[in-house]
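Notes for the one structure printed next.
Keep in mind the model is a prediction, meaning the values are calculated, not measured. In what follows, chains are A, B, ... by sequence order, proteins preceding strands, each numbered from 1.
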Number of protein chains: 2
Amino acid sequence: MTIQKNNVKSISDKDFTLEEFKLILSSLSQRITEPRLDILGILKENHNPLTISEIHSKLKNKKTDLATVYRTINLFAELRVVNEIDFKDEFKRYELIYDRHHHHHIVCRKCKNVENVETCVLDDLENLLKKRVTVKLHIR
Amino acid sequence: MTIQKNNVKSISDKDFTLEEFKLILSSLSQRITEPRLDILGILKENHNPLTISEIHSKLKNKKTDLATVYRTINLFAELRVVNEIDFKDEFKRYELIYDRHHHHHIVCRKCKNVENVETCVLDDLENLLKKRVTVKLHIR
DNA sequence: ATGGATGCAAATGATTTGCATGAAG
DNA sequence: CTTCATGCAAATCATTTGCATCCAT
């Protein structure tokens, strides 16, 4: 964020993100509405995948309906704007796709909290193999 | 199955399975009831994991209630008699644990049919590594 | 005889849908 | 101005639960 002396407002990070979102929606021939931008913003701000009700409760100052969250997220999932993740015994969770790289998730057995894991066993294995190291795996 | 001449009934495969089931239940201090034996039998006969409603429809000649199927399967899952499998976008499916080895499942994208797969990528990989073969993986 | 399992019906909880209204293009 | 998204309420669908009865132990 740049601070300018001449009273001309600079484009903040938030505004920039907003423009990004509008571009995504219009490029997909989808109308730009407040609930849609809000939901994209919430998904962008959160590095962890969120459930429908988590998204809805983060919107509770706005009067956005739960049904709208469902409809919007389902739309985004069809359009491949969000990724739908399904953990055993848990609700479905959603995360933005467009700027994410391949990663996995780790789930707490107690509190069900979900964190991203930026390492991948198979990638690690691949790297080892590239180095032609002989490995003994202990699986299960 | 042995055929005997002297009118003493031999124990058929089915009877043998029945005794097995009764042993499982009593060893877990659970009452031996018809619905429970029926459900165990259905799971035993089917090599593929079944959904609740699949199990229930296979029982439709009996008058067993859907709620009983839910209660019985949930009990079995807690007692680790059945394994609960959760496929994306699908219903939960259940399979007997006690005589099963490690395996995976393959799901048809169209008809959602589920088959067991008796091979495991990681096992295969492990075998390769045991042989000290150098492999180049292409993942994703 | 007594606690637990079942059937039936009703409750629950997440998700979806119908419809009238309002906003986006 | 016309199409489509939204809010609200009601419907849906899988699963769970309360309760009276029945059965296994």
[atom1] of [X] versus [atom2] of [N]: gap in Å, rounded?
| X | N | atom1 | atom2 | value |
| --- | --- | --- | --- | --- |
| B:K62 | C:dA5 | NZ | P | 19 Å |
| A:L25 | D:dC4 | CG | P | 16 Å |
| B:R36 | D:dT25 | CZ | C1' | 13 Å |
| B:D38 | C:dT6 | CG | P | 10 Å |
| A:L28 | D:dC4 | CG | P | 16 Å |
| A:L59 | D:dT6 | CG | P | 11 Å |
| B:L79 | C:dG4 | CG | C1' | 14 Å |
| A:I55 | C:dA14 | CD1 | P | 15 Å |

Could you run through nucleotides 15-25 of chain C and give me one letter per nucleotide, 5' to 3': B if any protein heavy atom sits under 4.0 Å from the base, S if only the sugar-phosphate is that close, - if neither?
-> SBBB----BBS

Quick one: are A:V81 and A:I97 in side-chain contact, heavy atoms under 4.5 Å?
->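 Not touching, per the 4.5 Å side-chain cut-off.
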
On a heavy-atom basis, which atom in [X] and which in [Y] lie closest, and how many Å separate them?
| X | Y | value |
| --- | --- | --- |
| A:L43 | A:Y94 | CD2-O, 3.6 Å |
| B:E84 | B:R80 | N-NH2, 4.4 Å |
| B:R31 | B:R36 | O-NH1, 3.0 Å |

Okay, side chain of B:H56, backbone of B:T51: is any donor-acceptor separation there less than 3.5 Å?
-> no

Scan for salt bridge (Lys or Arg N to Asp or Glu O under 4.0 Å) pairs involving residues 51-61 of chain A, sequence neighbours excluded, and state none if there are none.
-> A:E54-A:R93

Listed by chain and number, what are the side-chain contact (heavy atoms from CB on, under 4.5 Å) partners of B:A67, not counting sequence neighbours?
-> B:D65, B:R71

Per the end-axis method with five pairs at each terminus, what is the bend angle of the helix from C:dA1-D:dT25 to C:dG25-D:dC1, to 10°?
->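 Here the local axes at opposite ends form an angle of 30°.
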
Among D:dA5, D:dG7, C:dG7, the one nearest any side-chain atom of A:T68 is D:dG7

Could I get the full list of side-chain hydrogen bond (donor to acceptor under 3.5 Å, both in side chains) partners for A:E34, not counting sequence neighbours?
->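 Once residues adjacent in sequence are excluded, the partners of A:E34 under the side-chain hydrogen bond (donor to acceptor under 3.5 Å, both in side chains) criterion are A:K62.
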
Output side-chain donor-acceptor pairs under 3.5 Å for residues 22-29 of chain A, partner residues at least two apart or in another chain, one line each.
residue	atom	partner	partner atom	Å
A:S26	OG	A:K22	O	2.9
A:S26	OG	A:L23	O	3.3
A:S27	OG	A:L23	O	3.1
A:S27	OG	A:I24	O	2.8

